[in-house]
Colleague: 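Input: one structure, supplied below.
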Amino acid sequence: MTVAIPLSIREALDALSNTPDARLIQGGTDMMVEINFNHLKPHNMIALRRVQELRTWTKNADNTLTIGSGVPYQEMETGELKQLVPALAEAARTVGSPQIRAAGTLGGNLGTCSPAGDGLPVLFALDAIVHLQSADASRKLSIHDFMVGVKRNARNANEIITGVTVPLLDGWQGYAKVGVRNAMVISVASACLAIDKPTRSVRIALGAVGPTIIRCRDAEVWLSEQIDISASTAIDAAVAKEFGRRVALESKPIDDHRSTAEYRRHAVGVLAQRLITRASSS
Amino acid sequence: MNEPLGNEMYTLHINGQDRPVRDAWVGESLLYVLRERLDLPGAKGACEQGECGSCTVLMDGDAVCSCLVMAATAVGSNIVTVEGLIEQNPTMAVTAQAITSQVTDVQQAFIEEGSVQCGFCTPGLIVAVHHLLDKNPDPTELEVKESISGNICRCTGYGRIFAAVEAVVQVRKANS
Ligand SMILES: Cc1cc2nc3c(=O)[nH]c(=O)nc-3n(C[C@H](O)[C@H](O)[C@H](O)COP(=O)(O)OP(=O)(O)OC[C@H]3O[C@@H](n4cnc5c(N)ncnc54)[C@H](O)[C@@H]3O)c2cc1C
Ligand code: FES
Ligand code: FES
């Protein structure tokens with residue numbers, strides 16, 4: 001087994017060409033658990049933690065934001081990133097513990113692609129673009145095409161996820177999650193709501209209630225017919241409740257060791273209702 | 001980029017020293033390497049899945065779970081373990097008693113406030129509390145709770161630990 005520690009994306013791609021079977025490791029918070037418990041015995045590793053290019057973010061001229069795949073959650077929780085993408089900050093703050101948030105990254109969340117990954121509902125609500133790069137090509141994939149199933153994504157083995165681009169919306173956005181306690185908890189059900197006033201769009205994405213993250217397109221359309229989001233986000237309680245009911249109908253939860261399908265469906269409905277109520281009173 | 005590391009040798013920078021790691025499988029966690037190869041048993045291993053925080057160390061200024069760091073990927077990083085805190089904080093406002101007994105002010109406060117029962121969680125908490133107070137000398141109760149939310153203690157019920165943090169805050173304030 002070998003470990004390569006590249007300092008740039010180019011060096012990382014060269015390393016991947018030299019050892020095509022290599023596994024990438026960023027913060028290690030998913031990968032090391034597998035290695036510690038002997039579920040994974042990699043031959044070769046490429047550690048991305050010293051690739052500074054992946055640890056930066058930039059505001060683009062077209063009112064979008066590109067976040068490197070190696071930016072740790074702790075950087076999204078506060079400061080300018082929190083101002084720019086509040087829902088991402090809220091989601092980041094729910095991840096694990098301070099120790100996990102100091103190490104864990106969006107690149108790793110995308111690499112693992114668990115339906116319970118807390119970064120993913122935000123990326124789905126924002127219609128994020130995932131940037132993938134191989135030694136001789138780069139491509140952009142919509143997050144909707146990137147995540148294809150439970151812990152399955154459209155990344156090719158020779159590609160590195162370099163970052164994601166999200167639009168900077170004009171409207172309220174937030175993230176909510178249900179788990180068995182406050183800290184250090186994998187989501188039982190989660191939801192991200194994002195409003196964009198200029199385009200009159202309401203987006204709601206659900207985590208941990210289906211094989212992929214789910215966008216509730218019917219509930220979104222229904223809500224935008226009830227209220228004119230561009231004018232006001234004041235929503236009456238009956239509409240918020242009905243929105244929650246409709247969102248729950250679009251979830252596809254299962255029973256597993258963390259919870260039951262019935263509870264999950266109920267929980268996402270409540271989360272959606274709470275989020276739209278928060279948006280309404282903001 | 002340097003040549004990829006094989007199983008022969010790599011060097012980690014820990015508590016201000018270069019520490020060679022020889023004949024080790026490169027997939028080992030930093031926790032394992034600290035305890036089993038470098039004679040630094042301060043960081044404890046309980047869960048090895050990032051849940052308990054007993055293995056917390058500082059890496060390039062962040063508090064992280066050493067069980068989730070692949071040791072070989074930490075080449076070039078500045079690592080501080082609980083054993084190194086006293087050297088890392090030479091100008092810290094430690095009490096005279098703490099200096100003579102070679103413990104930091106946080107460790108001294110844990111002793112005085114009775115924050116240690118079985119002690120398994122203690123090294124990780126000491127590192128986490130140093131990390132918190134170095135960045136935020138006067139944290140709110142919620143900030144203290146959040147900052148140690150990744151450190152599980154099954155004995156104390158946390159009350160004595162909060163008391164120790166508060167004691168350090170007061171001592172540091174008085175001495176600054
Ligand atoms: C105690 C604990 C609590 C946790 N709590 C939460 C939680 O609350 N919410 C949550 O969402 N997650 C949680 N996690 C899971 C984990 O922290 C996240 O999924 C995190 O985002 C993983 O990021 P990482 O950088 O550490 O990934 P790594 O472990 O480094 O990598 C994960 C996977 O992604 C691949 N990968 C990493 N970077 C890239 C890249 N640039 N290009 C291509 N592939 C890549 C790796 O090959 C690997 O397959 C928790 C984990 C632990 C141990
Ligand atoms: S042993 Fe590392 S967090 Fe428990
Ligand atoms: S003192 Fe026993 S776990 Fe904290």
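The chains referred to below are lettered A, B, ... by the order of the sequence lines, with proteins before strands, and numbering in each begins at 1.
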Colleague: Are more than 12 heavy atoms, taken from residues, nucleotides or ligands other than B:Phe120, located less than 6.0 Å from that residue's CZ atom?
Modeller: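 Counting other residues, nucleotides and ligands, CZ of B:Phe120 exceeds 12 neighbours.
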
Colleague: Between B:Asn151 and A:Gln99, do the side chains contain a donor N or O and an acceptor N or O under 3.5 Å apart?
Modeller: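 Indeed, the side chains of A:Gln99 and B:Asn151 share at least one donor-acceptor pair under 3.5 Å.
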
Colleague: If I measure from the heavy atoms of chain B, does A:Gln74 come under 4.5 Å with its side chain, its backbone, both, or neither?
Modeller: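 Looking at A:Gln74, just its side chain touches chain B.
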
Colleague: Any chance the side chains of B:Ser115 and B:Glu113 put a donor and an acceptor closer than 3.5 Å?
Modeller: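 B:Ser115 vs B:Glu113: no donor-acceptor pair found between side chains.
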
Colleague: Going by atom types only, do A:Thr94 and A:Tyr175 share a side-chain donor-acceptor pair under 3.5 Å?
Modeller: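 Their side chains do not contain a donor-acceptor pair, so the 3.5 Å distance test is not met.
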
Colleague: In terms of side-chain heavy atoms, does B:Thr11 have a donor or acceptor partner in B:Asp18 at a distance below 3.5 Å?
Modeller: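 Looking only at side-chain atoms, B:Asp18 and B:Thr11 do not form any donor-acceptor pair under 3.5 Å.
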
Colleague: At a heavy-atom separation under 4.5 Å, does B:Ile152 approach chain A through its side chain, its backbone, both, or neither?
Modeller: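 Only the side chain of B:Ile152 comes within 4.5 Å of chain A.
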
Colleague: If you count heavy atoms of other groups shown closer than 6.0 angstrom to CZ of A:Arg258, is the number above 12?
Modeller: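 Counting other residues, nucleotides and ligands, CZ of A:Arg258 exceeds 12 neighbours.
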
Colleague: Is a donor from one side chain sitting under 3.5 angstrom from an acceptor on the other, for B:Asn15 and B:Thr81?
Modeller: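 The answer is yes; a qualifying pair exists.
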
Colleague: For the residue pair A:Thr260 and A:Asp255, confirm or rule out a side-chain donor-acceptor distance under 3.5 Å.
Modeller: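 Short answer, no.
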
Colleague: Which atoms of A:Arg10 come close to chain B, meaning under 4.5 Å heavy atom to heavy atom: side chain ones, backbone ones, both, or neither?
Modeller: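 When you check distances to chain B, no heavy atom of A:Arg10 falls under 4.5 Å.
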
Colleague: Let's test your reading of the structure: which of B:Cys65, B:Gly76, B:Gly53 forms the most heavy-atom pairs below 4.5 Å with chain A?
Modeller: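 Answer, by heavy-atom pair count under 4.5 Å with chain A: B:Gly76.
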
Colleague: Answer with side chain, backbone, both or neither: which region of B:Val64 has an atom nearer than 4.5 Å to a non-hydrogen atom of chain A?
Modeller: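 Both backbone and side chain.
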
Colleague: Please rank B:Thr56, B:Asp60, B:Thr73, B:Leu31 by heavy-atom pairs under 4.5 Å with chain A and give me the top one.
Modeller: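 Option with the top pair count is B:Thr73.
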
Colleague: Is any NZ, NE, NH1 or NH2 atom of the basic residue among A:Glu90 and A:Arg278 found under 4.0 Å from an Asp or Glu carboxylate oxygen of the other?
Modeller: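 Between A:Arg278 and A:Glu90 there is a salt bridge, with a charged N closer than 4.0 Å to a carboxylate O.
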
Colleague: Heavy-atom distance under 4.5 Å to chain A: side chain of B:Cys47, backbone, both or neither?
Modeller: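 Looking at B:Cys47, just its backbone touches chain A.
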
Colleague: Are there residues of residues 104-115 of chain A whose heavy atoms fall under 4.5 Å of chain B's heavy atoms? If so, which?
Modeller: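 Contacts with chain B: none.
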
Colleague: Is it the case that B:His13 and B:Ser77 place a side-chain donor and acceptor less than 3.5 Å from each other?
Modeller: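 No, because no side-chain N or O of B:His13 sits under 3.5 Å from a partner of the opposite role on B:Ser77.
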
Colleague: Checking heavy atoms, do the side chain of A:Arg181, its backbone, both or neither come under 4.5 Å from chain B?
Modeller: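 The side chain, not the backbone.
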
